[in-house]
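Residue numbering restarts at 1 for every chain, and letters A, B, ... go by the order of the sequence lines.
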Amino acid sequence: MIVANELVKDYGELRAVDEVSFEIRQGECVGLLGLNGAGKTTLLRILSCLLTPTSGSVSVYGADVIRESEAVRGKIGFLPEEPPLYGEMTVGKYLEFAARLRGVPRTDVGGRVQDAARRCRVTEVIDQRIETLSYGYKKRVGIAQAVVHRPPLLILDEPIAGLDPAQIVDMRDLVRGFRGEHTVVLSSHILTEISQTCDRILVMQKGRVVASGSEEELSVGQGKGRRVSVRVRGKKEQVEDALKGVEGVKSWELSETNGTIRALITSEKDRRAEISRVLVRAGLDLIEIARPEGELESVFLKLTGDGRKEP
Amino acid sequence: MRSVWLIARRELVATLRSPLGFIVTALVLAIVGLLFNLRALGGGEKYSADVLAQFFYDLSGFVIVASILVSMRLIAEERQNGTIVLLLTSPVRDHQIVLGKFLGALGFMALLILITIYMPLLVMVHGKISWGHVFAGYLGNLLLASGALAVGTFGSSLARSQIVAVFVSAFLVAAMVMMWLMGRVADAPLDDIFANLALHNIHFSPFRAGKVHLRDIAYYLSVTGFFLFAATRMLEARRWR
């Protein structure tokens with residue numbers, strides 16, 4: 001469990017992290033979301049003991065990052081935005097070095113390296129020099145070094161930065177695979193990435209955590225309620241009549257495109273099951289039911305709206 | 001201690017494989033070899049001990065320059081490439097990182113110095129030398145390398161750029177070598193203090209003559225310890241920035 005209390009980090013006059021407090025539970029996958037300069041990287045660097053906070057405290061599995069820094073470092077695996085790789089080493093030798101540096105006993109090193117290489121899908125390049133690898137492979141080797149000693153906490157700073165779309169999908173699968181086994185904290189300014197990978201989002205703006213929760217909770221917190229987008233084939237009146245009968249549905253907007261009706265429905269609680277049931281019962285062809293596109297984007301922009309107006 | 005050896009071994013292998021390692025080794029061996037040929041064979045008959053003393057003296061100059069060049073990358077390159085993150089986020093103490101890096105570089109310098117052993121052996125074939133003299137000369141050069149490398153490690157901890165690091169280290173080492181000049185112009189008791197702080201003159205001369213004094217060993221070990229301590233503090237200070 002990670003507990004941060006009124007964490008502050010100043011760089012001279014600039015306050016990069018401003019009285020941040022949060023808790024992250026064992027096995028959770030938490031995403032730090034924020035615009036560039038919001039303080040995400042500084043926060044991750046404090047968690048990984050690369051930086052000492054100006055004030056406040058953070059404990060990682062009971063160990064304080066300032067007073068028991070060495071103990072904390074034994075519990076974490078960290079991937080910075082640029083993977084820390086020695087180009088002249090082969091992937092295998094590098095992972096072996098990283099494992100031994102993190103205290104893995106010599107007898108276990110071989111197995112751990114093979115395991116990390118397999119999980120991060122770098123087995124085929126294990127004897128290749130790192131400097132000859134593509135950027136996507138380098139990122140994966142970077143993740144492999146972070147997990148090779150099986151740390152309980154995995155900290156990933158912008159894990160998909162610089163990757164092409166195929167590599168992003170690969171990386172997403174990889175990170176998802178760590179959920180449960182490791183507590184994962186990752187940062188990104190790419191909304192879809194965070195929403196698809198993480199259980200919970202901490203939205204940062206100007207060094208502060210301005211909101212925390214799942215995508216849905218954030219939407220509710222912003223007065224949007226729980227929104228669901230439905231596409232059906234039928235008549236508008238039929239849709240309206242059907243929706244009137246669903247308890248908890250507050251409002252809806254209907255639009256017609258290409259012979260189908262799109263309904264953007266706002267409800268107090270998650271009513272997707274009931275909505276789909278009444279629409280089908282009303283004789284409508286239910287084509288699609290999903291969260292509205294751009295939902296997180298609009299929540300995010302609302303939360304960080306002030307930040308965007310800054311020069 | 002395991003972490004120290006781990007870092008030292010990686011550092012040694014990286015230096016041996018780097019173009020800098022090849023170039024430094026090749027240049028030192030070529031120039032010291034030429035100088036040895038010139039000193040040993042030119043200018044009539046000489047005592048073997050004198051040839052040997054001159055060889056150790058010549059070697060010492062290149063040991064200082066090579067140490068500065070080898071040490072410039074120790075921490076600055078890691079920071080430049082971002083690989084320092086791997087070390088700083090591992091359960092390893094800052095002094096272990098500095099010590100490991102230093103020992104790796106010292107290992108390289110020890111190999112470089114020992115490769116020149118064929119020159120004293122050539123003197124032995126054609127003359128008469130004492131093994132004690134050879135041991136003292138090499139010990140002196142190794143201690144000198146240790147001091148210069150420690151200064152270089154400190155210089156490397158100050159800057160992100162290796163170029164800046166090499167200039168800072170060269171300036172510090174030059175200032176420490178020049179202390180003997182300050183000792184000549186300063187009044188008592190400063191003259192003695194400056195002369196005894198000099199990196200090369202007073203403390204290296206006995207080694208080249210085949211003498212080993214505890215005070216000279218203590219001096220080089222103190223310089224090494226002081227600058228490695230300073231480099232460690234610099235590394236620690238970076239966590240606060």
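Between the side chains of B:S60 and B:N141, no donor-acceptor pair of N or O atoms lies under 3.5 Å. A:S187 and A:D157 are linked by a side-chain donor-acceptor pair at a separation below 3.5 angstrom, with hydrogens and angles left out of the test. Side-chain polar atoms of B:T224 and B:S146 form a donor-acceptor pair below 3.5 angstrom.
The contact between A:L101 and chain B is made by backbone and side chain atoms together, counting heavy-atom distances below 4.5 Å. Interface remark: A:F78 contributes side-chain atoms only to the contact with chain B (heavy atom separation under 4.5 Å). A:K9 touches chain B through its side chain: at least one heavy atom from C-beta onward sits under 4.5 Å away, while N, CA, C and O do not. Neither the backbone nor the side chain of A:P151 comes within less than 4.5 Å of any heavy atom of chain B. If you measure heavy-atom distances from A:E88 to chain B, the contacts under 4.5 Å come from both the backbone and the side chain. A:Y11 touches chain B through its side chain: at least one heavy atom from C-beta onward sits under 4.5 Å away, while N, CA, C and O do not.
Highest contact tally toward chain A, considering only B:L87, B:V13, B:N81, is held by B:L87 [criterion: heavy-atom pairs under 4.5 Å]. If you tally non-hydrogen atom pairs under 4.5 Å between each of A:E70, A:K93, A:K75 and chain B, the highest count goes to A:E70. With respect to chain A, the highest number of heavy-atom pairs below 4.5 Å among B:R17, B:R9, B:R238, B:E78 belongs to B:E78.
Comment: B:E236 engages B:R233 in a salt bridge, judged by a side-chain N to carboxylate O separation of less than 4.0 angstrom.
Side-chain atoms of A:N5 do not come within 3.5 Å of backbone N or O of A:G56 as any donor-acceptor pair.
Between B:Y138 and B:F56, the distance from one ring center to the other falls under 6.0 angstrom.
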Show the atom names and distances, to 0.1 Å, of all donor-acceptor pairs under 3.5 Å that link a side chain in residues 28-37 of chain A to residues at least two apart or in another chain.
{"residue": "A:E28", "atom": "OE1", "partner": "A:R25", "partner atom": "N", "Å": "2.8"}
{"residue": "A:E28", "atom": "OE1", "partner": "A:R200", "partner atom": "NH2", "Å": "3.3"}
{"residue": "A:E28", "atom": "OE2", "partner": "A:R25", "partner atom": "NH2", "Å": "3.2"}
{"residue": "A:E28", "atom": "OE2", "partner": "A:R200", "partner atom": "NE", "Å": "2.6"}

